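Please read the structure below before turning to the comments.
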Amino acid sequence: MDFELSEEQRAFQQAARDFAASEFAPHAAAWDAQSLFPRHALRHAGELGFCGLYADAAYGGLGLPRLDATLVFEELAAACPSTTAFLTIHNMATWMLTRFARPELAAQWGPKLSSGQALASYCLTEPGAGSDAASLRTRARRDGDAWVIDGGKAFISGAGVTDLLIVMARSGGAGAAGISAFAVPAAAEGIRYGRAEEKMGWNSQPTRAISFDAVRVPVNHLLGDEGGGFRIAMQGLDGGRINIGSCSVGAAQGALNAAQRYLHERRQFDRPLADFQALQFKLADMATELVSARQMVRLAASKLDQTRPDAQVYCAMAKRLATDIGFQVCNEALQIHGGYGYTREYPLERYLRDARVHQILEGTNEIMRVIVARRMLQDHATESIR
């Protein structure tokens with residue numbers, strides 16, 4: 001059991017850290033304040049392979065293990081959690097395309113998505129289907145050499161600025177077995193985008209509803225097998241939960257670094273804040289909790305890389321733990337900064353706002369607890385959760 005990173009992993013980590021410092025950190029506050037989507041920065045990320053980290057190498061991706069991808073996402077999120085979170089969603093959609101599309105479709109879109117020349121959104125959530133994703137109502141019917149899609153999606157990250165949509169739609173009967181997955185060009189006739197949601201955080205990426213009115217896509221735009229969409233969606237979300245956990249760890253690390261600096265800079269009662277034991281204890285607890293979250297995320301990623309049968313439950317545990325701890329660390333770091341932490345002069349309030357939604361998306365943390373509890377209560381399942 002080796003917890004040390006290899007030289008290659010450290011190189012990826014350092015490359016991401018350097019990129020974040022030069023491309024994300026100087027602009028993150030402005031992107032947030034002005035709700036700017038930094039497509040140019042994402043293209044630059046694509047030049048380093050960050051848009052297709054674990055996508056199939058045959059179609060332009062790097063084909064990295066999920067563990068290695070967490071290293072990159074954590075470093076980027078320490079500078080801008082919002083933009084990095086979109087990048088993780090794009091990576092998930094790109095992996096789905098290169099993993100499950102027909103070869104001709106993967107060859108058409110894979111290199112563009114992996115390089116950042118094109119961007120993708122993941123379309124699962126609907127107004128009436130959030131945690132109960134298997135109840136989605138968007139329909140897909142076969143009509144000759146095409147699929148025709150009707151319905152609507154909600155809270156879609158990047159909607160209106162991305163180029164490809166990975167859409168889950170009902171092609172069969174009720175329940176999970178009736179759902180199929182499709183790659184839909186974002187500019188296809190019959191697609192309409194709602195207004196950009198006004199959100200607490202994640203302001204560097206737009207979030208919109210999407211409506212589909214008799215949208216036709218070729219038959220070969222089906223991903224995987226008909227009726228296999230829900231399995232594809234859940235496989236994507238296992239990785240997505242690791243990704244968003246990594247974003248929370250990164251945001252928390254950025255907040256912790258800021259708090260550590262501030263304790264040396266700020267003086268009260270003729271002493272630096274770093275001299276006060278109460279704040280020393282707070283900082284120590286923040287660091288300890290953060291390390292535990294990071295290790296949990298990496299353990300889950302390792303299990304997913306090894307296709308272990310218990311990977312899904314570990315992904316759920318990692319997502320729940322990392323996003324809860326990430327938000328707590330950001331909140332404590334803001335508290336250390338006092339009134340200054342509540343202003344936009346410092347990045348703490350932005351880290352806090354961006355990290356809050358991580359406890360909701362990719363499956364709420366309540367649903368993560370359901371996944372873990374169900375596994376524990378299955379016959380003989382407790383042997384695998386140790």
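No experiment lies behind these values; they were computed from the predicted model shown.
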Provide the closest heavy-atom pair for Glu362 versus Ile89 in the form atom of the first, atom of the second, distance.
OE2-CG1, 4.4 Å
Got a sec: does the CZ of Phe155 have more than 12 other heavy atoms crowding it under 6.0 Å?
no
Side chain Arg308, main chain Tyr314, donor-acceptor under 3.5 Å:
no
Quick one, Leu256 with Leu283, criterion side chain to side chain contact (heavy atoms under 4.5 Å, CB included). Give me CA distance, side-chain angles, the key distance, then yes/no.
CA-CA 8 Å; Leu256 182 63; Leu283 194 72; 3.6 Å; yes
For Glu265, I'd like to know if atom CD has over 12 heavy atoms of other residues, nucleotides or ligands within 6.0 Å.
yes
No-hydrogen, no-angle side-chain donor-acceptor test under 3.5 Å, Thr70 and Ser246
no
Do Arg369 side-chain atoms and Asn365 backbone N/O form a donor-acceptor pair below 3.5 Å?
yes
Salt bridge present between Arg375 and Asp310 (N-O < 4.0 angstrom):
no
Is the number of heavy atoms from other residues, nucleotides or ligands within 6.0 Å of CZ (Arg344) greater than 12?
yes
On a heavy-atom basis, the closest approach of Leu348 and Ala255 is CD1-CB, 3.8 Å
Would Phe327 and His358 satisfy side chain to side chain contact (heavy atoms under 4.5 Å, CB included), going step by step from the backbone distance to the final call?
CA-CA 8 Å; Phe327 180 76; His358 298 177; over 6 Å; no
What one should report as the nearest heavy-atom pair of Ser171 and Glu226 is OG-CG, 3.5 Å
Phe73 versus Phe50: any side-chain heavy-atom pair under 4.5 Å?
no
Between Glu23 and Arg43, does any side-chain N to carboxylate O distance fall below 4.0 Å?
no
Value rounded to 0.5 Å, distance of NE2 in His337 from CG in Leu334:
8.0 Å
Classify the ring geometry of Trp31 against Phe24: parallel below 30°, tilted from 30° to 60°, perpendicular beyond 60°.
perpendicular
Between CD1 of Ile325 and OG of Ser248, what distance do you get to the nearest 0.5 Å?
10.0 Å
Arg353 side chain to Met200 main-chain N or O, any donor-acceptor pair under 3.5 Å?
yes
Under a 4.5 Å cut-off applied to non-hydrogen side-chain atoms, are Ser180 and Leu222 in contact?
yes
Are there more than 12 heavy atoms of other residues, nucleotides or ligands under 6.0 Å from atom CZ of Arg137?
no
Applying a strict under-4.5 Å side-chain criterion to I, L, V, M, F, W and Y, I'd like to know whether Leu67 and Leu299 cluster together.
no
Any chance CD of Glu104 has more than 12 other-residue heavy atoms, nucleotides or ligands included, within less than 6.0 Å?
yes
Heavy atoms of Ala120 and His90 approach each other most closely as N-ND1, 3.1 Å
Short side-chain to backbone donor-acceptor contact, Tyr351 and Asn331, under 3.5 Å:
no
With a 4.5 Å limit on heavy-atom distance, are the side chains of Gln306 and Ser302 in contact?
yes
Single-linkage hydrophobic cluster Met317~Met368, side-chain heavy atoms < 4.5 angstrom
no
For the CG atom on Asn257, are there more than 12 heavy atoms of other groups (residues, nucleotides or ligands in this structure) within a distance under 6.0 Å?
yes
Is a donor on one side and an acceptor on the other found under 3.5 Å between the side chain of Lys153 and the backbone of Met168?
yes
Taking the side chain as C-beta and beyond, is there a heavy-atom pair between Leu165 and Ile191 under 4.5 Å?
yes
Gln9 side-chain N/O to Ser6 backbone N/O, donor-acceptor pair under 3.5 Å:
yes
Okay, side chain of Ser114, backbone of Gly52: is any donor-acceptor separation there less than 3.5 Å?
no
Say whether Ile232 and Val184 are linked into one hydrophobic cluster, either directly or through other cluster members, by side-chain heavy-atom distances under 4.5 angstrom.
no
Quick one: are Tyr54 and Asn243 in side-chain contact, heavy atoms under 4.5 Å?
yes
Looking at every non-hydrogen atom in both residues, tell me the closest pair between Lys319 and Thr364 and how far apart they are.
NZ-C, 4.1 Å
Do other residues, nucleotides or ligands put more than 12 heavy atoms under 6.0 Å from the OH atom of Tyr340?
no
Spacing of Arg10 atom CZ and Glu4 atom CD [to the nearest 0.5 Å]:
6.0 Å
With a 4.5 Å cut-off on side-chain heavy atoms, are Val167 and Ile210 touching?
no
Do Leu53 and Val297 belong to the same hydrophobic cluster, where Ile, Leu, Val, Met, Phe, Trp and Tyr are linked whenever their side-chain heavy atoms lie under 4.5 Å apart, directly or via other members?
no
Minimum heavy-atom distance between Val219 and Ala146, given as atom pair plus value:
CG2-N, 3.4 Å
Taking the side chain as every heavy atom from C-beta outward, state whether Ile156 and Tyr193 have any pair of such atoms under 4.5 Å apart.
no
Between the main-chain N or O of Gly224 and the side-chain N or O of Arg102, is there a donor-acceptor pair closer than 3.5 Å?
yes
Is the shortest heavy-atom distance from the side chain of Tyr59 to the side chain of Leu97 under 4.5 Å?
no
Verify the distance criterion only: is there a donor paired with an acceptor across the side chains of Arg294 and Gln253 at less than 3.5 Å?
yes
Gln335 atom CD: more than 12 heavy-atom contacts under 6.0 Å:
no
How far does CD of Gln108 sit from CG of Asn220, to the nearest 0.5 angstrom?
8.0 Å
Stepwise side chain to side chain contact (heavy atoms under 4.5 Å, CB included) test for His221 and Trp147
CA-CA 8 Å; His221 281 48; Trp147 287 96; over 6 Å; no
Between Asp32 (side chain only) and Gly201 (backbone N and O only), is there a donor and an acceptor less than 3.5 Å apart?
no
Determine yes or no for a side-chain-to-main-chain donor-acceptor pair under 3.5 angstrom, with Asp354 supplying the side chain and Trp202 the backbone.
yes
Test applied, side chain to side chain contact (heavy atoms under 4.5 Å, CB included); reference residue, Arg298; option that passes from Glu74, Lys303, Arg66:
Glu74
Under the side chain to side chain contact (heavy atoms under 4.5 Å, CB included) rule, what do Phe86 and Thr162 come out as? Steps first, then yes or no, please.
CA-CA 11 Å; Phe86 171 79; Thr162 52; 3.7 Å; yes
With clusters defined by side-chain heavy atoms of hydrophobic residues (ILVMFWY) lying less than 4.5 Å apart, directly or transitively, does Ile244 cluster with Tyr122?
yes
